Amino acid sequence: QVQLVESGGGLVQPGGSLRLSCAASGSVSSLNSMGWYRTAPGKQRELVASVSSGGNTNYEDSVKGRFTISRDDAKNTVHLQMNGLKPEDTAVYYCNILVITRDFKSLQIWGQGTPVTVSS
């Protein structure tokens with residue numbers, strides 16, 4: 001089995017920073033693509049950032065220049081560095097990773113979600 005554990009969410013003031021982490025554990029052989037999604041109150045879930053196995057990154061327009069996604073394959077971990085946070089960034093953030101298991105299965109795994117609140 002494979003599990004994703006998220007951490008790093010919390011309450012910050014506008015303009016502040018947070019660093020989210022998502023670590024895969026269990027029967028993991030390797031990781032393929034990774035992404036961070038968020039669900040804000042009254043909004044549809046949206047893809048915030050993604051990174052491919054080759055290191056190519058993509059960002060939702062509203063977070064470009066403020067957020068950075070990175071991967072650490074040695075630790076089976078993906079990070080989201082969030083700078084210049086705005087109230088509209090308030091949401092529950094979820095990581096999603098395409099995992100290759102040790103018995104050669106490909107699985108899309110979701111983290112449990114970590115809340116981010118940006119407020120004075």
Side-chain angles (χ1 to χ4, degrees):
Q1 293 292 97
V2 178
Q3 303 83 36
L4 302 184
V5 178
E6 299 182 29
S7 62
L11 173 64
V12 297
Q13 293 184 324
S17 298
L18 285 174
R19 182 175 173 85
L20 306 184
S21 298
C22 176
S25 62
S27 186
V28 177
S29 178
S30 63
L31 307 177
N32 200 313
S33 58
M34 304 176 178
W36 286 96
Y37 294 76
R38 67 186 179 188
T39 302
K43 304 287 187 178
Q44 295 289 323
R45 183 183 65 185
E46 66 177 353
L47 177 63
V48 177
S50 64
V51 58
S52 72
S53 61
N56 295 318
T57 59
N58 285 284
Y59 297 94
E60 197 275 329
D61 287 342
S62 68
V63 309
K64 287 181 179 177
R66 300 188 297 119
F67 290 10
T68 303
I69 188 171
S70 61
R71 59 189 295 154
D72 185 347
D73 287 283
K75 298 181 178 180
N76 291 330
T77 300
V78 61
H79 302 281
L80 185 67
Q81 179 67 46
M82 305 185 295
N83 299 324
L85 284 162
K86 304 175 180 180
E88 50 263 46
D89 295 318
T90 295
V92 178
Y93 286 70
Y94 300 87
C95 63
N96 180 271
I97 301 180
L98 177 58
V99 177
I100 311 301
T101 67
R102 296 189 184 279
D103 58 350
F104 314 111
K105 304 293 185 180
S106 296
L107 302 175
Q108 288 279 3
I109 307 296
W110 288 93
Q112 82 279 9
T114 184
V116 172
T117 302
V118 185
S119 179
S120 299

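Quantities reported herein were computed from a predicted structural model and do not represent experimental measurements.
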Only pairs under 3.5 Å count here: list side-chain donor-acceptor contacts from residues 38-52, not counting sequence neighbours, and write none if there are none.
residue	atom	partner	partner atom	Å
R38	NE	E46	OE2	2.7
R38	NH1	D89	OD1	3.0
R38	NH1	Y93	OH	2.9
R38	NH2	E46	OE2	3.0
R38	NH2	S62	OG	3.4
S52	OG	G54	N	3.3
S52	OG	G55	N	3.4
S52	OG	N56	N	3.1

(message) Under a 3.5 Å cutoff, is there a donor and acceptor pairing between the side chains of D72 and T77?
(response) no

(message) Using side-chain heavy atoms (C-beta onward) and a distance below 4.5 Å, is V12 in contact with T117?
(response) no

(message) Would you say that N96 contacts Q108 through its side chain, given a criterion of any heavy-atom pair below 4.5 Å between the two side chains?
(response) yes

(request) Say whether, by atom type as modelled, one donor and one acceptor occur between the side chain of R71 and the main chain of S33 under 3.5 angstrom. (result) no

(request) Hey, could you give me the SG/CD distance between C95 and E6, rounded to the nearest 0.5 Å? (result) 4.0 Å

(message) Could you tell me if the side chain of P14 sits less than 4.5 Å from the side chain of P87, heavy atoms only?
(response) yes

(message) Please identify which of these residues, T90, V92, L80, L20, meets the side-chain contact (heavy atoms from CB on, under 4.5 Å) condition with V116.
(response) L20

(request) Can you see which heavy atom on L85 is nearest to which on L18, and at what distance? (result) CD1-N, 3.9 Å

(message) Ignoring hydrogens and geometry beyond distance, is a side-chain donor-acceptor pair present between H79 and S70 at under 3.5 Å?
(response) no

(message) A side-chain contact here means heavy atoms from C-beta on lying under 4.5 Å apart; do T101 and S29 qualify?
(response) no

(message) Is there a path of hydrophobic side-chain contacts, each under 4.5 Å between heavy atoms, that joins V78 and V28?
(response) yes

(request) Measure the shortest side-chain to side-chain distance between Q112 and Q3 over non-hydrogen atoms and say whether it is less than 4.5 angstrom. (result) no

(request) Could you tell me whether the side chain of Q81 and the main chain of T68 form a donor-acceptor pair under 3.5 Å? (result) no

(request) Is it possible for you to say whether Y59 and Y37 belong to one hydrophobic cluster, with membership spreading through side-chain heavy-atom contacts below 4.5 Å? (result) no

(message) Rounded at 0.5 Å granularity, tell me how far OG in S120 sits from CG in L11.
(response) 9.5 Å

(message) Using 0.5 Å steps for rounding, measure from the CG atom of L107 to the CD1 atom of I97.
(response) 12.0 Å

(message) Using every non-hydrogen atom in the two residues, find where I69 and G35 come nearest and quote the distance to one decimal.
(response) CD1-CA, 4.3 Å

(message) Using side-chain heavy atoms (C-beta onward) and a distance below 4.5 Å, is S25 in contact with V2?
(response) no

(request) Begin from the C-alpha positions of I100 and L31 and carry the test side-chain contact (heavy atoms from CB on, under 4.5 Å) through to its verdict. (result) CA-CA 6 Å; I100 311 301; L31 307 177; over 6 Å; no

(request) Please lay out, stage by stage, how F67 and W36 fare under the test ring pair (Phe, Tyr, Trp, His ring centres under 6.0 Å). (result) CA-CA 11 Å; F67 290 10; W36 286 96; over 10 Å; no

